[in-house]
There are 2 protein chains.
Amino acid sequence: MHQSATIKDVALKAGCGVATVSRVLNNTGSASPEMRSRVAAAVKELDFQFSEVGRSLQSSTTRTIGFVVPSIANPVYADALQGAQEVLTSSGYQMLLICTNYSPESELSAIRTLISKQVAGIVLTVSDAERSEGLSIIRNRSLPHCLLYNNAPVSHESWSVDDEAAAARVAQAFSENLHNQTGFLALNFNKSDRARQRYEGYCAGCKARGMKKPQLLEISEDFEDLTMKLKLFLRENPSITGIFASNDFLALAIVRSARKLALNVPRDLSIIGFDGIDVGLMVEPTLATIVTEPKMLGAGAGRTVLSFINKTEFPKPPSADQTFNFRAGGSLAYLGAESSDDGKITPFPSSFDPTN
Amino acid sequence: MHQSATIKDVALKAGCGVATVSRVLNNTGSASPEMRSRVAAAVKELDFQFSEVGRSLQSSTTRTIGFVVPSIANPVYADALQGAQEVLTSSGYQMLLICTNYSPESELSAIRTLISKQVAGIVLTVSDAERSEGLSIIRNRSLPHCLLYNNAPVSHESWSVDDEAAAARVAQAFSENLHNQTGFLALNFNKSDRARQRYEGYCAGCKARGMKKPQLLEISEDFEDLTMKLKLFLRENPSITGIFASNDFLALAIVRSARKLALNVPRDLSIIGFDGIDVGLMVEPTLATIVTEPKMLGAGAGRTVLSFINKTEFPKPPSADQTFNFRAGGSLAYLGAESSDDGKITPFPSSFDPTN
DNA sequence: AATAAAATTGGAAACGTTTCCAAACAAGTT
DNA sequence: AACTTGTTTGGAAACGTTTCCAATTTTATT
């Protein structure tokens, strides 16, 4: 790989000092028109571009924001990154992305790496915000940062869904549709404080509405055995009429499993999901779920870090109850009179109902 | 933000020269045990970390690979990035990510930015590989790089699906199921050479099998008017029995639209998608589609760039026909005898068939 | 004890920028 | 003609590393 031209090469070709080249190209300080055109010519001829490395060393700051997320493949984070990306790009910043694959151990090294690369700020999702070593390092160095999908004690340093409140809203939805005993379906329960918070919020919500304590159905990485697990789960808890899945993929998977067990959703089993991915609207029955806005959150976290850097006013994160919305859908049945009462929630399958 | 400690601070605290600190910490050259422990103590006390910026300036290389993709939110790219990320991380490299939002104009500036940040290599998806200015710059500088989802003349510098062959395979599937006249549904047709290649491959495939030339149904960003468009489309082309959607989301959307028009999928209209996202297996009917492996491709592209850098042997991309697989599904009907003949392709809806 | 060989150490240059400062020059003003 | 003022210019230091090289110290050999 042949070496890039440096400012020295340009100065040589233009017959001036490096200081002059720097001034001309950055439009800082004065220069004669004659000089300007000579520099311009040299730049063109050499296809010169500044080395950001040299600049960063001198200015001791990079135009780079570090991101630490558990996964890129998970659409929640992908969307959040997309939102952040757009904000960053329009401010001339770039995104240095590290993925922890849900492994808490790699969080710390990710953060150290970002620090040594001298990122101007960090947006991060950790497995446990209360006791993250990486996070304390960031705070110690007072590096501009913002949590994403973790709740922070200080409001302005976190953009996140209020998982507990959202889960309680799910309990409310079940309760309003006269469900009493439900289950909670989780994956990776121990690897993230988010799943736990959803469970706790859900339990609290059920309790507050006089419902039975939800039963926990936990599964491993592969969905393979989900159908069998569901079968056993329903056998052990025969009075369960609904399941809250901690994300929409799990919700769709459990719908499929129910179908395999000859159960009709929602007549025999109602399902509510979490996240609000678009696909939920395309399936039949449509998926009742909590709708969140990952893109907005990612963009917010990005803007927060930028305003730390630029010392401008912080964007205001949405208040707790504005971080999500409940979306009704065909996968949630009303357990009252057998005849449907509002035409919207259908106790009978509506798969090929053209009006839907 | 308080300044980080530098190697000078460490040298001062340990009472030695900076050269010694560098040698000790990098384990290059010799040092007395006594010296080693003094340096270690100083490092610990100051929480010292090397500045990669200083290192990069000196070594004129960064441990960073640049990525240019059209979108992060699109699960195809998200998965590819995930795959690449894992490869990079295990080799101690980081990912600098720039997203072009399908705008060809921003490709060039993205690439310039990456070059000025002195990335060690670039993985990129461009809108048109044949005439990408950014790509020629990269080639001119002989920067380690690899195309992703673009086909390159030189085989080892590209990891991609063979869109034409895959689309032809779709034509084969339709043909084998006795469909004769079909449609091709595309979004952003003009913004990417991939959609075009799929269309061309599909047309060629249909022709080769004696099917009628596929009609083009093109839609804009929002899916809002899709149902209406489909209605008009089918009115104008009443003999159409199947639609090839250029990605799975479009496929799911068109299934929904068909449902809204009181059409039964697959009895009245068969659908084949492209990409093979997991959700396709969870919906009812399951989606017939071309399955690709974005993660594998992303990982491959990452490995290719790394082997450029390390001058090791290139990983071999899969041969054209190994880049995809056709997956049968309930959304494709056999148009032969009304009674089903192999029990797999069901001409009648099987939504609540417990055996499915 | 004298010498050779090996190990340990630190100074200084280099990487590509920006910016301070002083020098050189041009153009007015007496 | 002798100033002042203002504009244009380039040298040099600094940012944080690595590495070459020479100087010093230790160890081994005679």
Side-chain angles (χ1 to χ4, degrees), chain A residues 1-40 42-43 46-64 112-113 115-120 141, chain B residues 1-40 42-43 46-64 112-113 115-120 141:
Chain A
M1 173 175 44
H2 79 91
Q3 285 299 0
S4 290
T6 75
I7 199 174
K8 265 186 194 161
D9 302 318
V10 177
L12 204 65
K13 180 140 289 186
C16 63
V18 291
T20 305
V21 176
S22 174
R23 268 187 317 250
V24 168
L25 260 28
N26 293 306
N27 249 318
T28 149
S30 59
S32 63
E34 141 85 14
M35 196 81 257
R36 281 180 197 281
S37 69
R38 260 160 54 203
V39 169
V43 165
L46 297 168
D47 193 18
F48 169 77
Q49 274 183 255
F50 279 120
S51 153
E52 285 299 321
V53 175
R55 286 185 141 171
S56 294
L57 183 58
Q58 140 75 27
S59 65
S60 65
T61 176
T62 62
R63 291 187 83 79
T64 307
R112 293 213 108 101
T113 302
I115 289 178
S116 75
K117 291 234 172 183
Q118 240 145 286
V119 293
R141 305 205 171 211
Chain B
M1 173 175 44
H2 79 89
Q3 284 300 359
S4 290
T6 77
I7 199 174
K8 267 187 194 163
D9 301 319
V10 176
L12 204 67
K13 180 141 289 185
C16 64
V18 292
T20 305
V21 177
S22 174
R23 267 187 317 250
V24 168
L25 260 29
N26 293 305
N27 250 317
T28 150
S30 60
S32 64
E34 141 85 12
M35 197 77 253
R36 282 179 196 280
S37 70
R38 261 162 51 203
V39 169
V43 165
L46 297 169
D47 192 19
F48 169 77
Q49 275 185 252
F50 278 120
S51 153
E52 284 299 321
V53 175
R55 284 186 141 171
S56 295
L57 183 57
Q58 140 75 29
S59 65
S60 65
T61 177
T62 61
R63 291 186 83 78
T64 307
R112 293 213 108 100
T113 302
I115 290 178
S116 74
K117 291 233 172 186
Q118 242 147 282
V119 293
R141 307 205 170 213

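Throughout, protein chains are lettered first and strands after them, A, B, ... in sequence-line order, and every chain is numbered starting at 1.
- Nucleic acid contact for B:Thr6: sugar-phosphate only, since backbone atoms but no base atoms lie under 4.0 Å from a heavy atom of the residue.
- For B:Arg36 and C:dA7, the CZ to P distance is 13 Å, given to the nearest whole Å.
- A 4.5 Å side-chain heavy-atom check between B:Val39 and B:Val43 finds at least one atom pair inside the cut-off.
- B:Gln49 comes within contact range of the sugar-phosphate backbone alone, with a heavy-atom separation under 4.0 Å but no base atom that close.
- In this structure A:Thr64 satisfies the side chain to side chain contact (heavy atoms under 4.5 Å, CB included) test together with A:Thr62, A:Leu96, A:Val119, B:Leu96, B:Lys117, sequence neighbours excluded.
- Across the protein-nucleic acid pair, A:Arg38 atom CZ and D:dG10 atom P stand 8 Å apart, rounded to whole Å.
- Sequence neighbours left out, the pairs with a member in residues 6-20 of chain B that pass salt bridge (Lys or Arg N to Asp or Glu O under 4.0 Å) are B:Lys13-B:Glu45.
- Residue contacts shown for A:Gly54 include a base, since a base heavy atom lies under 4.0 Å away.
- Side-chain contact check for B:Arg36 versus B:Asn27: some heavy-atom pair is nearer than 4.5 Å.
- Remark: B:Asp47 engages A:Arg112, A:Arg141 in a side chain to side chain contact (heavy atoms under 4.5 Å, CB included) (not counting sequence neighbours).
- The separation between A:Lys8 atom NZ and C:dA14 atom P is 8 Å, rounded to whole Å.
- Along DNA chain C, the nucleotide nearest to B:Ala31 and the one nearest to B:Gln118 differ in position, and the one closer to the 5' end is contacted by B:Ala31.
- In this entry the distance linking NZ of A:Lys117 with P of D:dT17 reads 14 Å, nearest Å.
- If you check C:dG16, C:dT9, D:dT17 against the side chain of B:Met35, the one that comes closest is C:dT9.
- Axis angle between the ends of the helix from C:dA1-D:dT30 to C:dT30-D:dA1, five pairs each and rounded to 10 degrees, works out to 60°.
- A straight line from CG of B:Leu57 to P of D:dT18 spans 12 Å, rounded to a whole angstrom.
- Applying the side-chain hydrogen bond (donor to acceptor under 3.5 Å, both in side chains) rule to B:Ser51 yields the partners A:Gln118; only residues at least two apart in sequence or on another chain are considered.
- Atom P of nucleotide C:dG16 and atom CG of A:Leu25 are separated by 16 Å, given to the nearest angstrom.
- Computed from coordinates, the B:Arg55 CZ to D:dT18 C1' distance equals 9 Å when rounded to whole Å.
- Residue pairs satisfying the salt bridge (Lys or Arg N to Asp or Glu O under 4.0 Å) criterion with at least one member in residues 15-33 of chain B, sequence neighbours excluded, are absent.
- Ranked by how close their nearest DNA chain C nucleotide is to the 5' end, A:Ser59 and B:Glu34 are led by B:Glu34.
- Residue B:Ser30 is classed as a base contact, given a heavy-atom separation below 4.0 Å to a base.
- Shown here are the side chain to side chain contact (heavy atoms under 4.5 Å, CB included) partners of A:Thr61, two or more places apart in sequence or in another chain: A:Ser59, A:Ala120.
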How does protein contact run along nucleotides 19-26 of chain C, one letter per nucleotide 5' to 3', with B for base contact, S for sugar-phosphate only, - for none, heavy atoms under 4.0 Å? B-------
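- Shown here are the side chain to side chain contact (heavy atoms under 4.5 Å, CB included) partners of B:Ser30, two or more places apart in sequence or in another chain: there are none.
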